Chemist: 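Got a structure here, written out as structure tokens. Questions coming.
A quick note: this is a predicted structure, and the numbers were derived from the prediction, not measured.
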Amino acid sequence: MVRRSRRRKLQKFTGLCGREEGLRVKRSCPSCGPETGGEEKKGRGNPISVQLFPPELVEHIISFLPVRDVVALGQTCHYFHEVCDAEGVWRRICRRLSPRLREQGSGIRPWKRAAILNYTKGLYFQAFGGRRRCLSKSVAPLLAHGYRRFLPTKDHVFILDYSGTLFFLKNALVSSTLGQIQWKRACRYVVLCRGAKDFASDPRCDTVYRKYLYVLATREQLGVVGTTSSRACDCVEVYLQSSGQRVFKMTFHHSMSFKQIVLVGQETQRALLLLTEEGRIYSLVVNETQLDQPRSYTVQLALRKMSRCLPHLRVACMASNQSSTLYITDQGGVYFEVHTPGVYRDLFGTLQAFDPLDQQMPLALSLPAKILFCALGYNHLGLVDEFGRIFMQGNNRYGQLGTGDKMDRGEPTQVHYLQRPIALWCGLNHSLVLSQGSDFSKELLGCGCGAGGRLPGWPKGSASFVKLHVKVPLCACSLCSTRECLYMLSSHDIEHHPAYRDLPASRVVGTPEPDPGSVAPQDPGGTAQACEEYLSQIHSCPTLQDRMEKMKEIVGWMPLMAAQKDFFWEALDMLQRAAGGVGQDPPTPES
């Protein structure tokens, strides 16, 4: 009955019901010819093609479908692919999703990009403590044009969208459906400022220290005195994270244009590093303890030693923590600044080249390929190269490097069983990797210390990357972890394609050079040797409980598909429960 009423409405709307002989719309591909084999059923009439409808009408009807259905419909045939990919359809969808969006943005396909950005945007979080340990979604600002970056602070969360608007997501007391008053995270929002390019706060992992928010923005400034002309100048505005009140502002000359800001150092000697569009780094020092005092003073903007000593290098991006800074050049090179001897020893295993009188001297890291992005923790770091390989370096006391042991690494060491990550994050003593399976499903892997619930499902931690018990959103693109909560940002940009390349066969680890006169190797990847090492590790475990836990870790190391890993982990849990490993003393190996 529902289909019949819809068909009647469509015929009435298109003016096709005035004929004596009924017409029906052809359901097969419009580009194909008429159906053959058998006469038309009596009373049904001849089929007509969808191509007979006006294109504006078809686009108008398709624009009311959900974005997921529009994408699925475009994969059915060539005709619907062209119709569903038209900018007119995506313009209507974008205006339906974001009625207040006036401009479509930039890019080759601006309306489609804007619609998908606003359809997939979302901030998800999972608290480590409490009874409810499920994934929740924050409030979605209606004015936001997609999500580009986010940063949790002591009390709130800040989100930057693609149009340069910085939003202030507040935690507040709200009433539940049962009438109870409960504390809810990121449930209200306000616009903090517009025209923002980047923002940063205290680089330490503990959000308690993030008292101020530094925003790099563009503002219109008056030109010559006595005239009405104005010009755009970059500035840094400082806001209180608790209330969103602006307490300080510094404006730069209009000839200088910046694109990124990071912080390094203590509160009394806070260094602001500013990256220009030309790839040069400038720095200035402020005292955070005096920012709330109503006074004005001049700070000196100086060229960083990285740009003075290596003027031929263009820096593409920066990362920092309290006592070190990492630079990635446009050619994929990595340079380091380490400011304290303790962190230097953890990162490089020695103090031989450390100079306490020249802490800004950049140190080059030796890497086999071009580096695309990085993650910097307190005393360890992670690097991802153009082939999707992950390299870890630094302190490994809790197994936060994911190498399967707890030995420190003084140089970049590859994690062989992980490839092509979407995002990488390094914290105080644990690491997280956001990866994507062959079926485009995403999963979250973690290693290191599991205290406080920071590795959901692995309270004892792990020396290798294991799958965490977290439901990952389909379009998750970045993540961050604090002491209380795990955050994941969801956003899909159609113009941001994976930049990974295929690794040449001659550079695969364990693959010997080809010899025309030799026989093909039986074990090119060293699989048999690795399995023997795994068996020896299992055999060295004293109890059955330890052997089960070691086997779970080994499953995480092996290059298996996500479904296969889940199967083995579930099977091991069943065997562990059947053997009485839950709530009882672990049996001996002989039992």
Side-chain angles (χ1 to χ4, degrees), residues 203-206 264 319-328 333-356 359 361-369 371 373-385 389-419 421 424-433 445-452 454-455 458 460-466 481 509 526 530 533-534 536-537 540-541 546 549-550 553-554 556-557:
R204 283 173 282 192
C205 298
D206 196 346
V264 65
S320 70
N321 60 21
Q322 183 182 0
S323 55
S324 59
T325 310
L326 187 144
Y327 307 106
I328 299 180
V334 178
Y335 292 84
F336 232 121
E337 283 184 16
V338 184
H339 306 150
T340 59
V343 175
Y344 190 95
R345 186 188 296 110
D346 287 336
L347 289 173
F348 299 99
T350 179
L351 290 175
Q352 182 177 1
F354 180 74
D355 186 0
Q359 299 176 357
M361 187 64 189
L363 304 172
L365 293 184
S366 178
L367 293 159
I371 297 299
F373 61 93
C374 68
L376 184 59
Y378 173 67
N379 52 12
H380 75 288
L381 63 100
L383 304 167
V384 181
D385 69 356
R389 298 176 296 182
I390 299 178
F391 296 88
M392 306 294 289
Q393 177 179 346
N395 186 284
N396 198 23
R397 180 180 179 183
Y398 297 93
Q400 60 263 42
L401 300 185
T403 54
D405 52 42
K406 296 185 179 181
M407 298 175 56
D408 297 346
R409 300 295 197 278
E411 58 184 14
T413 303
Q414 183 181 354
V415 182
H416 294 283
Y417 56 91
L418 283 183
Q419 290 183 352
L424 175 65
W425 186 86
C426 295
L428 182 63
N429 48 29
H430 73 293
S431 305
L432 301 175
V433 167
L445 308 175
C447 65
C449 180
R454 65 190 66 183
L455 296 180
W458 302 85
K460 295 183 179 179
S462 174
S464 61
F465 283 98
V466 293
S481 180
V509 176
E533 177 65 24
Y534 295 156
S536 64
Q537 293 181 14
S540 62
C541 296
D546 294 339
E549 295 296 334
K550 177 57 68 174
E553 292 185 8
I554 292 174
W557 303 343

Chemist: I'd like to check the salt bridge (charged side-chain N to carboxylate O under 4.0 Å, His left out) partners of R397; sequence neighbours left out, ordered by chain and number.
Modeler: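 Applying salt bridge (charged side-chain N to carboxylate O under 4.0 Å, His left out) to R397 gives none.
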Chemist: Could you tell me which residues satisfy salt bridge (charged side-chain N to carboxylate O under 4.0 Å, His left out) with E337, sequence neighbours excluded, listed by chain and number?
Modeler: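 E337 satisfies salt bridge (charged side-chain N to carboxylate O under 4.0 Å, His left out) with R304 once adjacent residues are dropped.
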Chemist: Could you give the distance from OG (S464) to NZ (K550), rounded to the nearest 0.5 Å?
Modeler: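 Between atom OG of S464 and atom NZ of K550 there are 7.5 Å.
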Chemist: Closer than 3.5 angstrom, by distance alone: can the side chain of Q352 be matched with the main-chain N or O of T350 as a donor-acceptor pair?
Modeler: no
Chemist: Indicate yes or no for a side-chain donor-acceptor contact from Y378 to the backbone of V343 under 3.5 Å, with no hydrogens or angles considered.
Modeler: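 Answer holds: no.
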Chemist: I would like to know whether L365 and Q393 meet side chain to side chain contact (heavy atoms under 4.5 Å, CB included); could you show each step before the answer?
Modeler: CA-CA 11 Å; L365 293 184; Q393 177 179 346; 4.1 Å; yes
Chemist: Using a 3.5 Å distance criterion without hydrogens, assess whether the side chain of N395 forms a donor-acceptor pair with backbone atoms of N379.
Modeler: no
Chemist: Can you name the residues that form a salt bridge (charged side-chain N to carboxylate O under 4.0 Å, His left out) with D408, not counting sequence neighbours?
Modeler: none
Chemist: Aromatic rings F354 and Y344: how do their planes relate, parallel, tilted or perpendicular, breaks at 30° and 60°?
Modeler: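 The arrangement is tilted - the two ring planes meet at 30° to 60°.
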Chemist: Going by the rule side chain to side chain donor-acceptor pair (under 3.5 Å), which residues pair with N321 if we only count those two or more places apart in sequence or in a different chain?
Modeler: S324
Chemist: Mind checking what makes salt bridge (charged side-chain N to carboxylate O under 4.0 Å, His left out) contact with R345, not counting sequence neighbours?
Modeler: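 For R345 there are no salt bridge (charged side-chain N to carboxylate O under 4.0 Å, His left out) partners, ignoring immediate neighbours.
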Chemist: Taking the side chain from Q400 and the backbone from H430, do they hold a donor-acceptor pair closer than 3.5 Å?
Modeler: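 No, the answer is negative, given that no donor and acceptor are paired below the 3.5 Å cut-off.
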Chemist: State whether the side chain of T413 and the backbone N or O of E411 hold a donor-acceptor pair below 3.5 Å, judged by distance alone.
Modeler: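 Pair found, side chain donor or acceptor close to backbone of E411.
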Chemist: Please determine whether side chain to side chain contact (heavy atoms under 4.5 Å, CB included) holds for the pair I390 and V433, giving the CA-CA distance in whole Å, both sets of side-chain angles, and the decisive distance to 0.1 Å.
Modeler: CA-CA 10 Å; I390 299 178; V433 167; 4.3 Å; yes
Chemist: Using modelled atom types and a 3.5 Å cut-off, is there a donor and acceptor pairing between side-chain atoms of Q359 and backbone atoms of T340?
Modeler: no
Chemist: Listed by chain and number, what are the side chain to side chain donor-acceptor pair (under 3.5 Å) partners of H380, not counting sequence neighbours?
Modeler: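 For H380, the residues satisfying side chain to side chain donor-acceptor pair (under 3.5 Å) (neighbours in sequence not counted) are S431.
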